[in-house]
Engineer: 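Supplied in structure tokens, the structure appears directly below.
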Amino acid sequence: MKMILAMRLLCIVFLLTACTQEVPKQPLKIGINFWPGYAHAFIAEKQGLFKKYGAEVELVFKSEMTEMTQLYKDGKLDGVFSVLSDVIMFNAKELPTQIVYIADYSDIGDSIIGLPEFQSLADLKGKTVSFEGINTFSHLLVVKLLKKAGVKEGEFQSANLSASKVLAALEAGDIDAGHTYSDTRIEALKKGYKMLGKAGDILGKNRISSFDPPKKQ
Amino acid sequence: MKFSTKLLLLYLTFTLGVIIPICLFLFYTGKQATETQIKERLQERAEHLIDKIDRTLFERFADIQVLAQDSIFKTQYLTPLEITQHLINYRNAYKIYVSLSYYDANRIRKADTAGLSLGKQAPHSRWVQDVFDNGIVSVGADIHFVEDLQKTVLFVAAPIRNETGEFLGAVVGHMLLDRIYLLDNLSDEQVIQ
């Protein structure tokens with residue numbers, strides 16, 4: 001009788017142990033790229049501020065915005081430092097995304113850099129202008145800025161090019177102008193290429209860099 | 001024999017002879033019922049999804065033909081800019097296409113809503129074969145990664161002919177493959193654009 005009782009108790013202990021086994025907590029993976037306005041996230045990580053406020057965060061650095069966005073869409077990232085228009089697109093594509101933090105506003109950071117011979121965006125009629133990804137913030141920025149300067153969609157040719165490759169494409173003569181940011185923009189200006197338009201020219205400061213949705217926590 | 005041993009034997013006999021067979025019976029019956037339910041559910045979902053894809057492609061088949069028969073493409077001396085503006089209006093109305101292009105009879109891209117690859121010849125692919133070689137509408141027969149869009153797209157293309165049946169070129173719609181994946185999550189009303 002005692003043996004049966006002991007066996008039953010042992011079973012209960014095993015069951016309780018199985019029930020209380022904790023699943024190890026995974027850190028939130030947040031995609032981040034070369035935008036200077038996101039720099040404080042790295043400082044927060046270095047100084048342990050995420051941990052201090054109870055968040056386990058792993059910053060996943062990607063130099064290309066498009067690669068980072070794709071990882072987020074594929075579910076390999078829990079959040080991403082992104083832009084407002086891309087957040088709208090995520091939601092339109094059945095990827096529920098919320099803005100949880102506004103990291104920065106863009107004014108001259110996002111610019112259209114062109115060959116030195118151009119005086120303004122209006123000179124780009126019939127020319128080739130690059131943007132980073134179709135139906136993205138970059139595409140929208142180029143279309144809106146050119147429209148404001150009187151160059152409608154269809155009146156310029158396009159090239160789908162990563163922002164970091166704009167300088168090389170300008171030098172190779174593949175494009176006449178292109179949307180770029182960060183160090184590529186600074187390098188291009190140093191080499192004498194001209195800033196023809198900037199994000200701040202449309203709807204004030206239109207780039208809202210955001211930290212999208214941790215779905216886990 | 002001790003009473004406790006007798007009790008243990010009685011317990012074991014009862015467990016082996018009655019409880020275990022009942023449990024096994026319930027387990028296999030439950031397993032079979034669950035399997036049948038899963039199979040039926042998946043089959044129903046697959047049929048529903050195929051139906052949605054079928055309807056989506058049929059709508060694309062209809063609207064690309066309407067676009068190809070538009071009299072604007074048959075107008076002589078029409079500039080690429082005018083064609084582009086027409087395609088942009090169409091793209092804005094049918095938001096399902098990421099871009100729309102117009103090719104002349106020599107497979108040269110003359111107009112594109114995104115302004116990409118203008119003046120370049122369409123590389124040989126299934127839709128080119130369907131439209132330019134066989135003169136038929138191509139809907140969903142060709143899906144591949146497009147370099148200038150940096151996306152995998154489904155091609156919807158139709159030949160443009162004048163009143164005498166002379167081949168003038170082709171109009172091509174690029175639909176993102178994501179749209180097909182999305183169909184699984186959309187309701188019937190949302191599928192119809």
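Letters go in sequence order (proteins before strands), and every chain restarts at 1.
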Engineer: B:Leu87 versus chain A, heavy atoms under 4.5 Å apart: side chain, backbone, both or neither?
Structural biologist: neither

Engineer: How long is the span from the CG atom in A:Asn135 to the CG atom in B:Leu176, to the nearest 0.5 Å?
Structural biologist: 7.5 Å

Engineer: Within the supplied structure, the quantity of interest is the number of heavy atoms (other residues, nucleotides, ligands) at a distance under 6.0 Å from A:Lys165 NZ; does it exceed 12?
Structural biologist: no

Engineer: Could you tell me whether B:Gln32 atom CD has more than 12 heavy atoms of other residues or ligands within 6.0 Å of it?
Structural biologist: no

Engineer: Does any heavy atom of chain A fall under 4.5 Å from the side chain of B:Leu149, the backbone, both, or neither of them?
Structural biologist: both

Engineer: Do A:Lys152 and B:Gln85 come within less than 4.5 Å of each other through their side chains, counting heavy atoms only?
Structural biologist: yes

Engineer: For the pair A:Glu155 and B:Leu81, evaluate side-chain contact (heavy atoms from CB on, under 4.5 Å) and give the outcome as yes or no after the intermediate values.
Structural biologist: CA-CA 7 Å; A:Glu155 289 183 330; B:Leu81 181 61; 3.6 Å; yes

Engineer: For B:Phe58, I'd like to know if atom CZ has over 12 heavy atoms of other residues, nucleotides or ligands within 6.0 Å.
Structural biologist: no

Engineer: So, do B:Gln150 and A:Glu132 sit near enough that their side-chain heavy atoms are less than 4.5 Å apart?
Structural biologist: no

Engineer: More than 12 heavy atoms of other residues, nucleotides or ligands under 6.0 Å from OH of B:Tyr90: is that the case?
Structural biologist: yes

Engineer: Counting only heavy atoms from other residues, nucleotides and ligands, does the tally under 6.0 Å from OH of B:Tyr28 exceed 12?
Structural biologist: no

Engineer: Working to the nearest 0.5 Å, report the span between CG of B:Asp178 and NZ of A:Lys73.
Structural biologist: 6.0 Å

Engineer: Under 4.5 Å heavy-atom distance to chain A, tell me which part of B:Thr5 shows up: side chain, backbone, both or neither.
Structural biologist: neither

Engineer: Between B:Asp148 and chain A, with a heavy-atom cut-off of 4.5 Å, which part of the residue counts as in contact: side chain, backbone, both or neither?
Structural biologist: backbone

Engineer: Among the options B:Thr84, B:Ile88, B:Asp112, pick out the one with the most heavy-atom pairs lying under 4.5 Å from chain A.
Structural biologist: B:Ile88

Engineer: Which atom pair, heavy atoms only, marks the closest approach of B:Ala114 to A:Ile134?
Structural biologist: CB-CD1, 3.5 Å

Engineer: Measure the NZ-OG1 distance between B:Lys151 and A:Thr66 for me, rounded to the nearest 0.5 Å.
Structural biologist: 8.5 Å

